[in-house]
Amino acid sequence: MLSIALRTLRARWITFAASFVALALGAGLLAVMGLALASAQNAPERAPERFAAAPVVVRGQDALRVPTAIGVETEGLAHPRPVPERTVAALRGLGPVTEDRSFPVRAEGGPGGLVGHPWSTAAFAPYELSAGRAPRAADEVVTTGGWAAVGERLRTGHGTVRVVGTAHDLGFENAVFYTDARAARLSPVSTQLVVDADAAEVRRTVGDGARVLTGAARRLADARPDRDAEAVTALNALFGTAGGVAGFVSVFVVASTFAFTVAQRRREFGLLRTAGATPGQVRRLVCAEALLVGVLASATGCALGGYAAPHLAAWVVGEGLAPAWFTIGDQVWPYHLAFWTGLLIALCGVVAASWRAGRTGPAQALREASVDAGTLTRGRLLCGAALLVTAAATLAVALLTDPSDLLHRKTYVSRPMLLITAVALLSPLVVRPLTRLVAWLPSRLPGAGGTLVRENAAASVRRTAAVAAPVLVTVALTGSLLGATATLDEARAAEDRQRTAADFVVTADGGLDRAAVERLRAVPQAVVSPTAPSAVYVVEEGVALIRSEARAADPQALAATARVPLTAGRITDLDDDSIVVNEEWERHRVGQRVTVRLGDGTRRSLRIAAVMPVGTGDNGVYVTRANAPGAAVDRVEVTVARGGDRDAVAAGLREAAGSSGGRVLTREAWLSATAPRADGTTRAGFLLVLGIALLYAGIALAGTLVMATSDRLRDLAALRLAGATRAQVLRLVAAEALTVVAVGSLLGLVVAALNLLGMRGALTLVSAPAPLVLPWPALGAVTGACAVVAVVAAAVPAGVALRRGP
């Protein structure tokens, strides 16, 4: 059988070319994703940045540790505690103490992410002046990054300042240094400080009241010290998703390609059976061919993966999906994974096809040589029906038990796979009627071309289904993934519109101080509701420490300026002894008491005053300012009193907030500025996933059409003998390819719509109904790309074949 398999591969290399390319690409993608995942497992140890030259850093408690039934759970505090004053006084007896402060700065013409510090902390990075001098007055600053020149005046959210010096850029931040006194006024609370003393003495003095950081641990005092761990998690999610999509598409396409290859060779298998081959020998022959193709393709794919992985790493770094340190390592196991998985995919993809080949009888093969019958076998029907029922059952269970789970990215990325496979398996049931529907109008045009297109595509169900499969995958994934994010964004935007009743919203970088809030309250005819971001922590089911984002507000003012969605209770019942929660909480009945930790770790027992629906996930918690220690007001919602002058209120708000860098936005401008939209990282991630699917589907589509066209030489010759010109035959072939692409697109659109209907049902159940949003531009683009590939792949081999006489 092995010698026959080798001769078959050599003689029918065009037939196996599509399977080879599909397998090689699948193994290559798996190798790339495996290498990327292996390289993203461990982030390099980041050295201290802002405090690289600091002797000892003392940081207030910034983590909450709660014992549970399964051990101690840890979460970062929303409001780290400052170092106790008694401890600071004792530390001053050991040596010089420098308090650190960090606060956001917004400067016209400046880069994003500006952060302010006191000048005394610059030496700990260390920053060195490249021009000018240190700041001495409240309106003087030193900048880094080269974006401002000495003598330049900058308009910032904290007033106009003059640049008196510039410092060399150290690469990890864009800083603005103020005098220590001015920095203390802009950021009154200091959560960490530097002590120039012996580390052992500092530890004895501090005790358990704060953390003492020395050596490499000083990096924990930098901004976002866990950003490398977060980057590793994000990369693992990205490459895991992309690898899962690549694996699914490769199995799907390879199985479809092998099935079509076996279907094309029914006459050949019939002759083998006539010559005395047993069904088992025919099956072993098909498996041996798949094994040979799998070995060659998997080895080729590993080589391609090793070449492409560094380019992928460079791309994800350039797109901001990965930090600058991310590079491909020298791990070996991804190559083993890709090779053996590719081989397994080849064997799994050919199992059903080999069984069908073994069932071919001598007379049956000759009798059906020109008749496309039996395209939907009993096994295919049962598998397709089982997958369809499974998809429906899992959706129903999710809607009945936890509909919010359907709104998570991992769910709406993985759910379409089951439905795509089910529809593809059952596609022979609908291919013929869909083909006749798509080709109905062309068949009514003068001439026989439209009728031939319709009858050829409808009669060749197996060929049409095989060619439509890659289009189905591409369109369904594009519609499901991009449509899910668009639908979810629309639901969130609708929630924001429903919740926001204020006429104006005032915001400021770094928050608004108490004086600014009081000035806003004093504006005539304005009803003001300041809120501050915080968090609360609760132990669910005795084992999980859950952090919920919270907002601190005055309940009466909040009720006058916002429409908070509630399922029970009243927002005005909120007080210093109560809390407003959502239905995701283990306890969420009005009147129940829950034990929580506040944003600074303080333990409190609070009564539930009201309950919100789950929504899209943004309905967190409301508490009063008394239960949000350390929270700074970052948003003030303002409603004009009945009969008030809207323009006068707006002018008063601008005057009151101007000196603190506040921005006054109308309701419409606020909703537009905060409207949910996919960021660049999310778009690039989806581009990677969909790009893999589109590339794979394009190659599979081209390979399948090349095989199908090469198998139709007798049909094309018959058309030429019947009087058709070469141009007419080419137009016919191209029109058939477009018809099949249209059929695949319609099936993919149905799958995408069904997936989005499931998400819409989940949104309705969590009280966030939204219209179903299909990404028509993206769907049109991928369908057009498939159409171009299909026409070229069908017309080129047909044109080559037509050069010979009929």
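Computed over heavy atoms, backbone and side chain alike; hydrogens, waters and symmetry mates excluded.
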Between the CH2 atom in W340 and the SG atom in C302, the distance rounded to the nearest 0.5 Å is 10.5 Å

Separation between CD1 (I420) and CG (L387), nearest 0.5 Å, reads 12.0 Å

Closest heavy-atom pair, L406 versus M759, reported as atoms and distance to 0.1 Å, is O-CE, 3.7 Å

To the nearest 0.5 Å, atom OG1 of T487 lies from atom CG of L757 at 9.5 Å

Practice prompt. Could you check if a side-chain atom of L343 sits within less than 4.5 angstrom of a side-chain atom of V295, using non-hydrogen atoms only?
Written response: yes

- Item | Any donor-acceptor pair under 3.5 Å from D402 side chain to A398 backbone | no

Tightest non-hydrogen contact, residues G748 and V475, listed as C-CG1, 3.9 Å

Interatomic distance, CG@L747 vs CG@L426, rounded to 0.5 Å, equals 10.5 Å

In this structure, CG of L419 is separated from OG of S480 (nearest 0.5 Å) by 7.5 Å

Of all heavy-atom pairs linking L756 and V773, the shortest is CD1-O, 3.4 Å

Interatomic distance, CG@L395 vs OG1@T390, rounded to 0.5 Å, equals 12.5 Å

Take atom CH2 of W333 as the centre, draw a 6.0 Å sphere, and report whether it contains more than 12 heavy atoms from other residues, nucleotides or ligands.
-> yes

Minimal heavy-atom distance between G305 and L35, with the atoms involved, is O-CD1, 4.1 Å

Applied to residues 692-706, the salt bridge (Lys or Arg N to Asp or Glu O under 4.0 Å) test, sequence neighbours excluded, yields none

Considering only distance and modelled atom types, tabulate donor-acceptor pairs under 3.5 Å from the side chains of residues 778-791, sequence neighbours left out.
unit_1	atom_1	unit_2	atom_2	d
T783	OG1	L779	O	2.7

Hey, can you pull the donor-acceptor pairs under 3.5 Å for the side chains in residues 760-772, sequence neighbours left out?
unit_1	atom_1	unit_2	atom_2	d
R760	NE	A770	O	3.0
T764	OG1	R760	O	3.0

Nearest heavy-atom approach of R492 to T616 is CG-OG1, 3.2 Å

(message) So does L482 get a backbone contact from the side chain of T485, meaning a donor-acceptor N/O pair under 3.5 Å?
(response) yes

In terms of heavy-atom contacts, A297 and L23 come closest through CB-CB, 3.5 Å

As a quick check of understanding, evaluate side chain to side chain contact (heavy atoms under 4.5 Å, CB included) for L774 and L749, giving each step before the final call.
CA-CA 9 Å; L774 280 167; L749 193 62; 4.2 Å; yes

